Protein chains: 2
Amino acid sequence: MPVHSKHLSADERRAATVRAVVQLAAQHNPSEITTTAIAQQMGVTQGALFKHFPTKEAILEAVMGWVAERLLARVDQAAAAASSPLLALEAIFMTHVDFVAEHPGVPRVMFGELQRAKMSAPKRMAQLLIRRYGERLQHLIDAGKASGELSSSIDTAAAATLFVGTIQGLVMQSMLAGDVRRIRNEAPGVFVLYRRAIGSRP
Amino acid sequence: MPVHSKHLSADERRAATVRAVVQLAAQHNPSEITTTAIAQQMGVTQGALFKHFPTKEAILEAVMGWVAERLLARVDQAAAAASSPLLALEAIFMTHVDFVAEHPGVPRVMFGELQRAKMSAPKRMAQLLIRRYGERLQHLIDAGKASGELSSSIDTAAAATLFVGTIQGLVMQSMLAGDVRRIRNEAPGVFVLYRRAIGSRP
DNA sequence: CAGAAGAAAGTGATTGATTACTATCTTATG
DNA sequence: CATAAGATAGTAATCAATCACTTTCTTCTG
């Protein structure tokens, strides 16, 4: 197993490419992540990338696929371990925040794809991720309303929008501060407010 | 006063340039708003832009300045007309949503600037806007806590973050749907939740 | 107040740099 | 040794910015 080889199998090289993009996005604007920069980050010449991806768009599509798979898996895992809908929402919130703190480049590429004008494979992938994420949230919110843990009078869709928006607000604050790890410290305080927004009142 | 002239004064031409960028951003990704596209949008050749702006970055800086001035003016106006801190927050919320609905390109350029890696004049301007906006929110939230209209136990900074994040969530939902005007319909429902989060409980 | 003189604004062509992508040659690995 | 992976060296297209030149507006003078 030649781990330190310059030659990698196609699968390994594709995975390394995705990793390189995520790493670059942590410190660079997605629009200035060129194929040359990606190749440099992974210690390979620019032309070599096109042995494994037909276009740059295909690279971004793979990145979005990686994000969707990892994030949803961790979200589902967090939700499954919780003993009530509200606790599940809190676990998802913190898991999501952790994921962003670990991979600060992810929200950058996410936003970058979503604000594309034309439809594209990576954008479609991003939309699918958001939709699936929203579905999970709405199920949990409905379950919480049914169990009395959440107020039955709240609008489920609005509550899901607020959930995602809350995380986005945190991400943006950390982008402003330039310190993405700070998001972990501020997240609990903001979730307290979210819980007040949706929780049933004693 | 030659209103239909192809020649405009420097001030008018700069204003027209800002308007063109905001219009373009409503339908195009900020990263693909080229100087050629800006010039075409305003019926002028590409080179003419550089009679009034030294660089493209200076154009974006002017755009951010325009946004900051207009948005903060409307926010202050809305707040001044309200008769209580909570009503002021609601008025600001709806005013902000209206502003975005009128100028769908604004959040795009805003996000685009904020996710820049290096510091730049336009990014600095965006940061200043956010900071001033946040200050106004925090003052109102503190005033609301003092008057008993808002819960005195909430974290002011977190409440301000949540306010901005809430709007961002709405913007992103509308970007996904591709229909920015829908944001007006969904805004009231989401603000109801925000009020639950910060309001004092009877 | 007419009109020359100069300033301001716009044109059209061109620059060097950078982009994604490709064609050909070389090397490493199973 | 066969072939997949990478290196090298290209391509055409596009970008922001600059150039010499022209058109339009403004101002000052005789």
Side-chain angles (χ1 to χ4, degrees), chain A residues 1-21 24-25 28-64 109 112-113 116-118 120-123, chain B residues 1-21 24-25 28-64 109 112-113 116-118 120-123:
Chain A
M1 191 171 69
V3 280
H4 289 109
S5 171
K6 229 167 48 173
H7 275 65
L8 297 183
S9 74
D11 280 349
E12 289 170 319
R13 186 55 78 197
R14 273 190 291 268
T17 307
V18 168
R19 210 180 320 129
V21 172
L24 281 173
H28 295 83
N29 195 333
S31 66
E32 54 196 39
I33 295 180
T34 65
T35 53
T36 304
I38 298 171
Q40 270 182 348
Q41 173 76 18
M42 49 201 292
V44 119
T45 59
Q46 186 241 8
L49 289 182
F50 294 90
K51 293 277 178 188
H52 308 288
F53 296 95
T55 64
K56 184 188 180 185
E57 190 174 285
I59 297 178
L60 294 174
E61 188 182 353
V63 171
M64 289 310 310
V109 297
E113 286 307 319
R116 275 188 128 86
K118 301 168 190 168
S120 67
K123 180 176 180 180
Chain B
M1 192 172 71
V3 282
H4 287 110
S5 171
K6 225 165 53 171
H7 276 66
L8 297 183
S9 74
D11 281 347
E12 289 171 319
R13 185 55 79 196
R14 274 191 290 268
T17 307
V18 168
R19 210 179 321 127
V21 171
L24 280 173
H28 295 83
N29 195 335
S31 66
E32 54 195 40
I33 296 181
T34 66
T35 52
T36 305
I38 298 171
Q40 269 182 348
Q41 174 76 18
M42 51 201 290
V44 117
T45 59
Q46 184 245 0
L49 290 183
F50 293 91
K51 293 280 178 189
H52 307 288
F53 296 95
T55 63
K56 185 188 179 183
E57 190 175 283
I59 297 178
L60 294 175
E61 187 183 354
V63 171
M64 289 311 309
V109 297
E113 286 307 318
R116 275 187 128 85
K118 301 167 190 168
S120 66
K123 182 178 180 180

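On a predicted model such as this, the values are computed, not experimentally measured, just so you know. Proteins come first, then strands; the chains are lettered A, B, ... in the order of their sequence lines, and each starts at number 1.
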Does Arg13(A) place a side-chain N or O at less than 4.0 Å from the phosphate oxygens OP1/OP2 of dG6(D)? yes
Pro122(B) and Glu113(B): which non-hydrogen atoms are nearest, and at how many Å? CB-OE1, 3.2 Å
Between dG10(C), dA17(D), dA7(D), which nucleotide has the shortest distance from any of its atoms to the side chain of Val44(A)? dA7(D)
Whole Å only: how far is the NZ atom of Lys51(A) from the C1' atom of dC21(C)? 13 Å
Any residue meeting side chain to side chain donor-acceptor pair (under 3.5 Å) with Gln46(B), in chain and number order, not counting sequence neighbours: Thr35(B)
In whole Å, what is the span from the NE2 atom of His28(B) to the P atom of dC15(D)? 12 Å
Give the rounded distance in Å between these two atoms: CG of Asp11(B) and P of dA7(C). 19 Å
Residue Phe50(B), side-chain heavy atoms: nucleotide from dG10(C), dA17(D), dA5(D) that is nearest: dA17(D)
Side chain to side chain donor-acceptor pair (under 3.5 Å) against Ser9(A), all qualifying residues, sequence neighbours excluded: Glu12(A)
Taking only side-chain nitrogens and oxygens of His52(A), does any of them come within less than 4.0 Å of OP1 or OP2 of dA4(D)? no
Spacing between Leu49(A) atom CG and dT8(D) atom P, to the nearest angstrom: 15 Å
Taking atom C1' of dA16(D) as reference, at what distance in whole Å does atom CG of Leu60(B) sit? 12 Å
Check the distance between dG6(D)'s P and Leu8(A)'s CG and give it to me in whole angstrom. 6 Å
Between dG10(C), dA7(D), dT11(C), which nucleotide gets closest to the side-chain atoms of Thr45(B)? dT11(C)
Rounded distance in Å - CZ (Phe53(B)) to P (dT18(D)): 15 Å
List, one per line, each side-chain donor-acceptor pair under 3.5 Å for residues 36-44 of chain B, sequence neighbours excluded.
{"from": "Gln41(B)", "atom 1": "NE2", "to": "Gln23(B)", "atom 2": "OE1", "distance (Å)": "2.7"}

Walk along nucleotides 13-19 of chain C from 5' to 3' and tag each nucleotide B, S or - by protein heavy-atom contact under 4.0 Å, base first, then sugar-phosphate. ------S
In whole angstrom, give the distance that lies between atom CD1 of Ile33(B) and atom P of dT14(D). 18 Å
Scanning both residues in full, the closest heavy-atom pair of Ile33(B) with Val21(B) reads CD1-O, 4.2 Å
Side chain to side chain donor-acceptor pair (under 3.5 Å) contacts in which one or both residues fall within residues 48-63 of chain A, not counting sequence neighbours: none
Going by the rule side chain to side chain donor-acceptor pair (under 3.5 Å), which residues pair with Glu32(B) if we only count those two or more places apart in sequence or in a different chain? none
